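Heads up, the thing below is written out as structure tokens.
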Amino acid sequence: MAHWLIIFCAVHLASSFQCDPALNDTLKARRALHRCERFLAAQCHGQNRLVEIPGTCPQPNVGMPPPATSLFPGTEATELGCITRSSRLGRALWCLARATKSALELFTGIGAGSSLLLAHALTAEKPTLGRFYTVDRELGNAVHAQEVMRVFGLPAQVLRLQGPQGLDELTASVVQKPGNWILQGDVFKHPELIQALCYVTGGMDLIMLDPPTVDFRHTWSAPMPPGVFQLNSPRGWL
């Protein structure tokens with residue numbers, strides 16, 4: 001099965017991998033992203049592979065993302081196509097998210113790869129500031145993602161979507177707060193979800209599309225925003 005990934009960043013990167021809305025320099029953003037990724041790569045002996053070689057990366061901490069992790073018995077996360085820190089793509093995703101304050105992911109899957117990387121980047125170092133939202137229609141996926149995040153000390157809450165907007169009054173007030181929010185429900189049954197999330201949160205710094213189909217029109221109907229980081233572009237990584 002083909003695996004596609006597109007990253008959008010509306011707020012560009014500054015030095016020291018911090019977010020600065022005043023900056024609008026794509027070249028500086030890319031250089032900062034490369035520096036961060038190369039630093040992590042050096043900690044993992046320069047490997048760029050889906051399956052991490054045991055003992056090659058340090059233990060996770062606020063400056064080192066966790067490995068892809070599956071809690072399903074007898075199953076490795078990489079067998080399920082999960083992005084991990086031992087790949088250049090996984091490290092770039094973590095670096096990009098770390099420079100922002102909020103991110104939305106469509107979709108969670110089992111939550112063991114990109115969801116874990118995004119949650120860690122946004123909330124491990126800044127738990128009172130970062131906000132991560134990920135959506136999946138399967139309750140089992142949502143619960144697994146929640147448990148994986150908790151293994152690495154990242155509190156997460158599963159919220160069930162309701163109504164056209166997906167958010168009732170109580171849920172809307174809750175998701176404004178910092179934290180990891182796993183939204184369980186079918187986006188096609190809640191067509192106003194993205195607009196509602198952007199309204200109650202003030203907008204997203206980063207949006208990741210990782211759908212089960214290569215036709216993004218069935219996942220993201222709004223016009224693509226300006227300033228696109230596409231990590232798997234035909235011309236190569238960034």
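Computed over heavy atoms, backbone and side chain alike; hydrogens, waters and symmetry mates excluded. When a residue number appears, it is its place in the shown sequence, counting from 1. Treat the numbers as computed from the prediction; the structure is a model and nothing was measured.
In this structure, E37 and C95 approach most closely via the heavy-atom pair N-SG, 3.5 Å. In terms of heavy atoms, F132 sits closest to L122 at CB-CD1, 3.8 Å. When all heavy atoms are compared, the tightest approach of K177 to Y133 is O-OH, 4.4 Å. Closest approach of R88 and N48 over heavy atoms only: N-OD1, 2.7 Å.
Between the side chain of Q165 and the backbone N or O of E192, no donor-acceptor pair lies under 3.5 Å.
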Evaluate the side-chain hydrogen bond (donor to acceptor under 3.5 Å, both in side chains) criterion for residues Q176 and T201: first the C-alpha distance (whole Å), next the side-chain angles of each, then the deciding distance (0.1 Å), finally the verdict. CA-CA 5 Å; Q176 296 179 42; T201 62; over 6 Å; no
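With sequence neighbours left out, the side chain to side chain donor-acceptor pair (under 3.5 Å) criterion links T84 to no other residue. In terms of the side chain to side chain contact (heavy atoms under 4.5 Å, CB included) criterion, residue partners of V151 (sequence neighbours excluded) are, by chain and number, L71. For the side chain to side chain contact (heavy atoms under 4.5 Å, CB included) test, residues two or more places apart in sequence or in another chain that qualify with T108 are S115, T134, D136, A145. Looking at residues two or more places apart in sequence or on another chain, you find no salt bridge (Lys or Arg N to Asp or Glu O under 4.0 Å) involving R38.
Hydrophobic cluster membership of I110, counting Ile, Leu, Val, Met, Phe, Trp and Tyr whose side-chain heavy atoms lie under 4.5 Å apart directly or via other members: F72, L80.
For the ring pair (Phe, Tyr, Trp, His ring centres under 6.0 Å) condition, no pair includes a residue of residues 36-65, sequence neighbours left out.
When the shell of 6.0 Å around CZ of R49 is examined, it contains more than 12 heavy atoms from other residues, nucleotides or ligands.
By the rule that hydrophobic residues join a cluster once side-chain heavy atoms approach within less than 4.5 Å of another member, L154 and V62 end up as members of separate clusters.
Looking only at atom types and distance, the side chain of E76 has no donor-acceptor partner in the side chain of S70 under 3.5 Å away.
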